[in-house]
Amino acid sequence: METIVKGMEGVEAAAEIIKNGGLVAFPTETVYGLGGNALDPEASRKIYAAKGRPSDNPLIVHVASVSEVYPLVSAFPESAKKLMETFWPGPLTIILPKSEIVPYETTGGLETVAIRCPENRVTLSFIKASGLPIAGPSANTSGKPSPTEATHVLHDLNGRIDMILDDGPVGIGVESTIIDMSGEVPTLLRPGAITLEELSDTLGKKVEIDPAIVAGGVNEGIRPKAPGMKYRHYAPNAKMALVTTRLLKEKDYDVSEEERLQADRQVSDYINELVERDEAEGLRAGIICCDETKALYERAQGKASDIKIIGHRSEPLSMTHELFRVLREFDDDKVERIYAESYSDRGVGFALMNRMRKAAGMTELLADEK
Ligand code: AMP
Ligand code: MG
């Protein structure tokens, strides 16, 4: 049984566990991580085993400052340093060529290493106290939504790790942005709270998008550069579909007030209809909507369905904060079908929609073409 320790109190004990080759789950501003000594192949193997994660899916190495990056990399371009100085501590993971001290067990066999400095005081103290870089993927069972609270970690990893550092619910709620700086062209491998626009502004040049992000990473014969993006991810037990309209997609969600109202009506009518159909078949259905549209789902209210409002669609960070918790609640409630509204891909919306599409296995229904 793990010890869950709140706040700063567990820092010293957690550092001792790491130094002795054990595993500690730690809070960050994105999601909870599952940490081990990044320089110890045995610790990395334990992380894969605890998560049930395929071992070709590399881990992110967490450091407490930019100076700790030097021993981990064999090349350190100025552009990568600039990103670190601008966004660290923060939700940005940077891929660089690895040095010899980083074992292939940590990098999933790759010649590159993913590095990040998280913004959480407990975790920064824990990394400093251990004096080691900490390998840490998200602290969930592989394939499940990432943990945004210590209780999620306990639910998934109970009995398989040594300790959980608990610093309450996380802020952002989806994993870090990943940018590959190991080649000529900076490439976004995973969208997160640091946006594409912020990255290209800081670098003063265009950042490419790994095609696998848009394709969903599973189908279409595209091999993602971040191996983790190819696995079914963030998945609730229920079958999930996103619902939108052709018009919203064509206009990139940039529509007039009148078009917006019409699209909201079409989407909610269709979702209400789907829920009614499922319930007639004895299936438990759930809805994901936003504050702006919640009133449109009254028809479904009071039936067997579960309606989750994930935030304001005008503020994507309010929705990333809730998404994984809501998906886990659907699992707890034994929901079998989930219908979710779709939102704009702009800014942080790209990270939100990337996770929602993956949770839905890329299934999308068009309410104006049913
Ligand atoms: P997680 O921390 O669970 O979100 O998983 C780490 C993510 O980082 C996975 O999607 C990995 O595939 C990705 N990643 C880690 N190291 C590398 C690397 N060297 N090159 C590309 N992607 C990486
Ligand atoms: Mg993960």
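When a residue number appears, it is its place in the shown sequence, counting from 1. Both counts, for ligands and for their atoms, begin at 1 and track the order of listing.
Around atom 23 (C) of ligand 1, the closest heavy atom drawn from Pro58, Ala135, Ser176 belongs to Pro58. Residue Asn57 holds the heavy atom nearest to atom 11 (C) of ligand 1 of all those in Leu189, Asn57, Thr28. Comparing Pro97, Ser138, Ala114 against atom 16 (N) of ligand 1, the shortest heavy-atom distance belongs to Ala114.
Distance check: Ile287 CD1 to Tyr297 OH gives 6.5 Å after rounding to the nearest 0.5 Å.
Between Glu42 and Arg45, at least one side-chain N (NZ, or NE/NH1/NH2) sits under 4.0 Å from a carboxylate O, which counts as a salt bridge.
Residue-level proximity to ligand 1 for Arg116 is absent, since no heavy atom of it falls below 4.0 angstrom. Contacts with ligand 1 closer than 4.0 Å are made by side-chain heavy atoms of Ile95 only, the backbone lying farther away. Heavy atoms of Lys98 found under 4.0 angstrom from ligand 1: none, in either backbone or side chain.
Short contacts between ligand 1 and Thr112, defined as distances under 4.0 Å to a heavy atom of the residue, involve ligand atoms 18 (C), 19 (N), 20 (N). Using a 4.0 Å cut-off to heavy atoms of Leu110, the atoms of ligand 1 that qualify are 18 (C), 19 (N), 20 (N). Within the listing of ligand 1, atoms 7 (C), 8 (O), 13 (C) sit less than 4.0 angstrom from a heavy atom of Ile178.
Note: Phe26 and His62 have perpendicular aromatic rings, judged against thresholds of 30 and 60 degrees for the angle between ring planes.
Within the 2.8 Å limit, Ser142 places no N, O or S atom next to the Mg ion (ligand 2).
Tyr104 and Glu111 share a side-chain donor-acceptor pair at under 3.5 Å.
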